[in-house]
Amino acid sequence: MVTQPEQAKPHEFNPWLRVASLIETAGHQLGLADDMIQRIIQPERILEVSVPVRMDSGRIQMFTGWRIQHDTSRGPGKGGIRFHPSVNTDEIAALSADMSIKCAVVNIPYGGAKGGVKVDPEALSRSELERLTRRYAFSIAPMIGPDRDIPAPDINTDFQVMSWIMDTVSMLRGHNMPGVVTGKPLSIGGTLGHAGATSLGVTICAAAILERLGRPMNEQRVIIQGYGKVGAPLVKLLSDRGMKVVGISDVHGAIHVPEGISYSILAKHFAEAHTVVGYPGALHVGAEEFWAIPSDIAIPAALGGVITEDVAEVLSASIVIEAANGPTTGEGAAVLARRGIQAVPDVLANAGGVVASYFEWAQDLQGFMWERELFTQRLEKTMSDAFKYVWQRHLELNVTLREAAIAVGVERIAEATEVRGLFP
Ligand code: GLU
């Protein structure tokens, strides 16, 4: 499945081929041997499981799930689990490779992994969701563990789903195992600061690139695609730093507020309406006009593959910060580069989440919980150091920030692979 698109149609965006080609290009830029590049590209382990679930009606419905470990040369696999109807082998393989690179870019001792179930969780009751989660956790249990592979939340999964996974694996092994997943509630070994950590990392990257480009924060108009786990906290974090959020979209539509969106009014509106649409006084814009809203920074914070060639052509912003995973297609990235639009890539911009997970896991292994100040201070340092290093490599290699970040990740993975040698 690895070098061939498995399920995508020829005209469709295939995230696996995209990440494989990014790794290959970086490998060539770094002068790595072809066999090393192939070793880095190929996922180490792919598990596909069937997930039978007894529905509330009494009948049994079948779902399919995956857990893929892409590379574990630098440490145990790490990466989220998503529940979404679009999930397939190629998508999870691509996201697992993104995780290998992401963990290497922020220099935390993990490899990359990802999991998912092809399901629309909106269509399940809470007890169906719990049964699906527990059966999926049981099926991937042989592959996960604190020293093997540590799942975390991703699209449509949260602290509750992580708690059910932690409980299922703990029951199977016969003892409490907090370090088997991250993104847990505080009551069972979660960490202060995990919620909102991805958004904080995105904000740190926004501040860092503005500083490098000499642009004042209080002159930036921002648009955000997505008002979920990552998008919602961003509205406050960016506004607190003086930026003006002028556009937000969600699955129901988009709003444009040229004078700036108030995070407190939006939070209140969303709590009642469950959508950003209808924000008091907002101009309504169609999905196709969203990216053209006059702005300086655009933040995709929802699904992958949204910054296509067409979107990149009409984008008003001159900076893109990729809070989502894989939001930019290859053609989209080429247009951004041609138009001189700087893109802080996902493997750097959204790494705050996995850094937070690393801190949670370290606390669980030690059985010693940190104060929030220590967490925030270490997160900020890890993210700023990573940004600084990627920025430096982008200047040294004379490549885009995306190419520099992938090169940093691939270089570190190659170093670990090389020094460990080949078994047997
Ligand atoms: N799902 C998040 C990501 O894509 C976090 C993964 C983790 O914490 O392991 O980076």
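Computed over heavy atoms, backbone and side chain alike; hydrogens, waters and symmetry mates excluded. Ligands are counted one by one from 1 in listed order, and the atoms in each one are counted from 1 as well. Nothing here was measured: the structure is a model prediction, and the numbers come from that model.
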- Note on the structure: Tested for side-chain hydrogen bond (donor to acceptor under 3.5 Å, both in side chains) against Asp149, the lone hit among Arg45, Gln69, Lys114 is Gln69

- Message: Can you confirm whether Glu396 is buried at CD, in the sense that more than 12 heavy atoms of other residues, nucleotides or ligands lie under 6.0 Å from that atom?
- Response: yes

- Side chain to side chain, Asp71 and Glu44, heavy atoms closer than 4.5 Å: yes

- Task: Name all residues meeting the side chain to side chain contact (heavy atoms under 4.5 Å, CB included) criterion together with Arg241; count only those two or more places apart in sequence or in a different chain, and write none if there are none.
- Result: Leu200, Thr203, Met217, Leu237, Met243

N/O donor-acceptor pairs under 3.5 Å from side chains in residues 77-84, not counting sequence neighbours:
{"residue": "Lys78", "atom": "NZ", "partner": "Ile150", "partner atom": "O", "Å": "2.8"}
{"residue": "Lys78", "atom": "NZ", "partner": "Thr182", "partner atom": "OG1", "Å": "2.9"}
{"residue": "Arg82", "atom": "NE", "partner": "Asp154", "partner atom": "OD2", "Å": "2.7"}
{"residue": "Arg82", "atom": "NH1", "partner": "Glu91", "partner atom": "OE2", "Å": "3.4"}
{"residue": "Arg82", "atom": "NH2", "partner": "Asp154", "partner atom": "OD2", "Å": "3.0"}
{"residue": "His84", "atom": "ND1", "partner": "Ser86", "partner atom": "N", "Å": "3.0"}
{"residue": "His84", "atom": "ND1", "partner": "Ser86", "partner atom": "OG", "Å": "3.1"}

Close N/O pairs between ligand 1 and protein, under 3.5 Å:
{"residue": "ligand 1", "atom": "1 (N)", "partner": "Pro153", "partner atom": "O", "Å": "2.9"}
{"residue": "ligand 1", "atom": "1 (N)", "partner": "Asp154", "partner atom": "OD1", "Å": "2.8"}
{"residue": "ligand 1", "atom": "4 (O)", "partner": "Lys102", "partner atom": "NZ", "Å": "3.2"}
{"residue": "ligand 1", "atom": "4 (O)", "partner": "Lys114", "partner atom": "NZ", "Å": "3.2"}
{"residue": "ligand 1", "atom": "4 (O)", "partner": "Asp154", "partner atom": "OD1", "Å": "3.4"}
{"residue": "ligand 1", "atom": "4 (O)", "partner": "Asn325", "partner atom": "ND2", "Å": "2.9"}
{"residue": "ligand 1", "atom": "8 (O)", "partner": "Ser357", "partner atom": "OG", "Å": "2.5"}
{"residue": "ligand 1", "atom": "9 (O)", "partner": "Lys78", "partner atom": "NZ", "Å": "2.8"}
{"residue": "ligand 1", "atom": "9 (O)", "partner": "Gly79", "partner atom": "N", "Å": "3.4"}
{"residue": "ligand 1", "atom": "10 (O)", "partner": "Lys102", "partner atom": "NZ", "Å": "2.6"}

Tell me which donor-acceptor pairs under 3.5 Å the side chains of residues 264-274 have, and how far apart each pair is, sequence neighbours excluded?
{"residue": "Ser264", "atom": "OG", "partner": "Ser262", "partner atom": "OG", "Å": "3.2"}
{"residue": "His269", "atom": "NE2", "partner": "Thr275", "partner atom": "O", "Å": "3.1"}
{"residue": "His269", "atom": "NE2", "partner": "Val276", "partner atom": "O", "Å": "3.4"}
{"residue": "His269", "atom": "NE2", "partner": "Val277", "partner atom": "O", "Å": "2.8"}
{"residue": "His269", "atom": "NE2", "partner": "Tyr279", "partner atom": "N", "Å": "3.4"}

